[in-house]
Each structure stands twice: as structure tokens, then as C-alpha cells.
J.: 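Below is the structure I would like to discuss, written out as C-alpha cells.
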Amino acid sequence: MIELEGVPELIDPVMVAAFEGWNDAGDAASTAVAHLEREWKGEVFAALDAEDYYDFQVNRPTVWLDGGVRKITWPTTRLSVVRVGGEKPRDLVLVRGIEPSMRWRSFCNEILGFAHELGVEMVVVLGALLGDTPHTRPVPVSGVTSDPDLARTMDLEETRYEGPTGIVGILQEACTHAGVPAVSLWAAVPHYVSQPPNPKATLALLNRLEDLLGLRIPLGELPEDARAWQLGVDQLAAEDSEVAEYVQTLEEARDTAELPEASGEAIAREFERYLRRRDIGPGGHATESGDASYLRDPAGGRTRPPKPVRPEAGDDTGSRARPTAGEGNDGANDDAEGPRDSAEDTPEPPDASGSPDSPDSPDS
């Protein structure tokens, strides 16, 4: 039994989780939860025992000085709570940590134990994957669930993915079996500029999360960071004609695939978001009623990005640790999970003999 002391009774709590590692391309998902914790001044109330779930040769502890005293920070998963005020206050339980090295079922059961004790009404897990998406276009974010009723009522996709998965997929399925409504939100990160941070993908996840929960999330400097990121990648891509040509090919494939979305309904959804963000009550809650719409994310950018990498034949450096669109992840498949291009529309990257972002081995 999990006993929580010092945690007040929560109001309509929703758990939002993200984990560093295989499911966190560009650190976009874990950075999004860290942003919520920072902006709403989250207070940590629990941490899982690192000895139970982590291999310290894989995720090493760090030593630091506190007033001349050496201290150790162990890799773990921490839970904090934030209250979003306003006319209709509600609480968010934030879960942020590292994908565990072992005992995943026990790990998920412990997370669900906290959710049960706190009266969590829904679990939202954030993830990010590598994909064939251009950095110049809005970041694709997909919302998926294993619950057919939830998919229908919240306008989500019902996952049909089969293949290797990460802790995001395991936790979502654990929630489903425990009868806890669960949703995964996945952002697609360009594989040719996958190094963290990626503020544009983080911003896209937060925009989709506020649509899902009907909240106004304070974005701080993220929009400006996202614009700077995109400008930096634009400049670096322009210095290499092969990369520039490849990006243009991705843009054409993306634009062609999304022509049907340039409809009156899509424009109406964008306008609805604009109105909601203008008519916000104190504390971050939208004052209008009705279901939150699912909208496309604004373009953005990043500060001092690394040079886009043209993968050489046989070189998959930087891509093995994370899932890719359509392969070995919870965020992309042929039916539902994550953004993707059709096989005939997806161009090959320059100087590559195959997909630059395909992991050599499946996830644990």
C-alpha cells in the first residue's frame, strides 16, 4: 500500500508523464513535463527507489557540490503535483524520469499505485520519435489510445501498432488493463536534426496537451526558442546543397500528403484555438465550454542547433536509442501511432544506403 503524507486532496487530477530515453527523441517529451513543473512550481512528493529499476552502469549517478559538501543524485523517476488555479481549478500529477532498465511491470504497477491513491482520472504519456518530417513544417503530433470508447469520445486514434515498444507503450497498456483512461501524445522529430534540445517539438506537445485538457499552458520563452531553432537549422541546411535538396523533397512529400487537410474544417479548428487562447480565465483554464479541438501546431525553431547530419552508409550514430516512424515504437505505425509518409512518397536521405534512423535492435 502506498501511503502519501503531505499531499492535499487533489481536484480532478490528471497524470502527465514522460521518460528520457528511447521514447524521447530530441528530449522533447521530458522537456515538456519539466516545463510544466517549472512554470507551475511543482512540488516533488515521491520518488521511486532507484535500486529497483535502474542499471547504474547504463544511467550513472552524478556527484555535485552543495556548499562544499559532496552529494549524489541517483537516476530515478519523481512525481510532483501542480495546481492550475482559476474558476475551475484542477491538479496535474507530473511524472518525470528515465526509462527503467529492468522490472517494467513492477515499475508501471508502482506508478499506477500512486495514480489510484491520488484519484487520477486520466493518464497522458508524452513521447517523441524520429521521422521523415521536415523541420520547416508544423510538428506532427498524434494522439493515440488503446481504449475504443476513449478514441471515439476524445477524437483520438485507436492504436493498432505491433512491434517493439518502450515504457510509454507498456505504461499505456498497464493503464488500460487497470481500467484507467490513458492517452499517448507523440511528436515527430526530424531524423536529420535529432540532437536535443528541440523546442519546436516540445512546444507542439504542450499545444496538443492544452487542447486535450482544456488548459492554457504558460509557454514562457518556448515560442521564441522554437523560432530561433528553426532559423538556425535553416541557415545550416542552406550551407549544404544536398541537405537543402533533401529538406525540399520532404516538404513536397508532406505538402502533397496534407492537401486534403487544407479544408474549411481545419481552418475553423485553428480559429477556435485562437479564440480559446484569447478568452482564458485566471490560472490557465479556458472559459469557454465544449470539447477541446485537436489542432495543428505552429511552426517554430531552436537556439544554436547542431549541423544537420547526413548519415553515411552503415552509420546510424545517434539513432539507435530512439524509435523511428513506422518501426519499433508506440508512436508510429501503418494505422495510427505517429506521423508518417507513405512508402512511395518518402524520399531517401542524401548519401544514405538505407533509413538513417532505424534501430539495429528492438527495445527492451
Side-chain angles (χ1 to χ4, degrees), residues 2 13-25 28-30 32-33 48 52-54 77 79 93-129 141-188 205 208-209 212-213 321-340 359 361-364:
I2 296 176
V14 172
M15 179 175 283
V16 181
F19 303 95
E20 299 174 19
W22 199 67
N23 299 130
D24 192 24
S30 57
V33 174
L48 276 60
D52 291 338
Y53 305 113
Y54 294 100
T77 294
L79 289 82
V93 179
L94 304 180
V95 180
R96 181 164 64 100
I98 305 170
E99 183 176 65
S101 306
M102 61 195 79
R103 303 183 67 213
W104 284 18
R105 286 177 291 187
S106 297
F107 180 88
C108 292
N109 286 338
E110 191 163 353
I111 295 293
L112 284 171
F114 282 107
H116 174 72
E117 288 297 314
L118 295 168
V120 167
E121 298 178 348
M122 182 170 67
V123 174
V124 181
V125 193
L126 307 183
L129 55 94
V141 178
S142 59
V144 297
T145 180
S146 299
D147 187 333
D149 294 331
L150 198 62
R152 182 177 60 257
T153 58
M154 302 192 73
D155 192 24
L156 300 168
E157 296 179 76
E158 184 179 352
T159 178
R160 294 181 176 84
Y161 172 73
E162 296 178 302
T165 188
I167 194 61
V168 171
I170 298 299
L171 180 56
Q172 178 170 325
E173 289 307 303
C175 290
T176 300
H177 290 299
V180 179
V183 175
S184 296
L185 300 181
W186 288 93
L205 282 170
R208 186 66 180 269
L209 181 65
L212 184 72
L213 301 181
R322 297 188 177 95
T324 63
E327 180 175 346
N329 66 82
D330 304 283
N333 60 56
D334 294 337
D335 293 308
E337 299 189 41
R340 67 275 185 193
S361 59
D363 184 45
S364 301

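Keep in mind that this is a model prediction, so the values were computed, not measured. Heads up: numbering here begins at 1 and tracks the sequence.
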J.: Please check if any side-chain donor atom of Y54 sits under 3.5 Å from a side-chain acceptor atom of T77, or the reverse.
T.: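 Yes, because at least one side-chain N or O of Y54 sits under 3.5 Å from a partner of the opposite role on T77.
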J.: Which distance, rounded to the nearest 0.5 Å, do you find between the CD of E173 and the OG of S184?
T.: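 The CD atom of E173 sits 8.5 Å away from the OG atom of S184.
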J.: Decide yes or no for F19 and D24: does some side-chain heavy atom of the first lie under 4.5 Å from some side-chain heavy atom of the second?
T.: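 No - every pair of side-chain heavy atoms lies 4.5 Å or more apart.
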J.: So which heavy atom on S146 is nearest to which on E158, and how close?
T.: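 Heavy atoms of S146 and E158 come nearest at O-OE2, 4.5 Å.
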J.: Under a 4.5 Å cut-off applied to non-hydrogen side-chain atoms, are C108 and I167 in contact?
T.: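 Side-chain contact under 4.5 Å: yes.
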J.: If you compare all heavy atoms of M122 against all heavy atoms of L213, which two are closest, and at what distance to 0.1 Å?
T.: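 It is CE-CD2, 3.8 Å.
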J.: Tell me whether R208 contacts the main-chain N or O of V141 through its side chain, where contact means a donor paired with an acceptor under 3.5 Å.
T.: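 Yes; judged by distance alone, with no hydrogens or angles, the pair exists.
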J.: Mind checking whether Y161 and V144 have side chains closer than 4.5 Å, heavy atoms only?
T.: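 No. Closest side-chain heavy atoms not under 4.5 Å.
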J.: First locate atom CD of E110, then atom CZ of R105, and finally report the distance between them rounded to the nearest 0.5 Å.
T.: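 E110 CD to R105 CZ: 15.5 Å, rounded to 0.5 Å.
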J.: For the atom pair CG (L129) and OG (S142), what is the distance rounded to the nearest 0.5 Å?
T.: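 Answer for the CG-OG pair, L129 versus S142, is 7.0 Å.
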J.: If you look at every heavy atom in L185 and L205, which pair is closest and at what distance?
T.: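 Shortest heavy-atom contact: O-CD2, 3.7 Å.
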J.: Is the shortest side-chain heavy-atom distance between I111 and M15 below 4.5 Å?
T.: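 SC-SC contact between I111 and M15 confirmed.
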J.: I need the minimum non-hydrogen distance between N23 and W186, along with the two atoms involved.
T.: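 So the minimum-distance heavy-atom pair works out to ND2-CH2, 3.6 Å.
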J.: Enter the distance from F107:CZ to L112:CG here, rounded to the nearest 0.5 Å.
T.: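 The distance works out to 10.5 Å.
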J.: Give me the atom names and distance for the closest heavy-atom approach of A128 to A28.
T.: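 For A128 and A28, the tightest heavy-atom pair comes out as CB-CB, 3.9 Å.
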J.: Side chains of V95 and F114: does their closest heavy-atom pair fall under 4.5 Å?
T.: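 V95 vs F114: side chains apart.
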J.: Check P13 against V93 and note the closest heavy-atom contact, atom names and distance.
T.: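 Closest approach of P13 to V93, heavy atoms only: CB-CG2, 4.5 Å.
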J.: First locate atom CG of D147, then atom CD of Q172, and finally report the distance between them rounded to the nearest 0.5 Å.
T.: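 That separation rounds to 9.5 Å.
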J.: Between T176 and T145, is any pair of side-chain heavy atoms under 4.5 Å apart?
T.: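 A side-chain contact is absent here, since even the closest heavy-atom pair is not under 4.5 Å.
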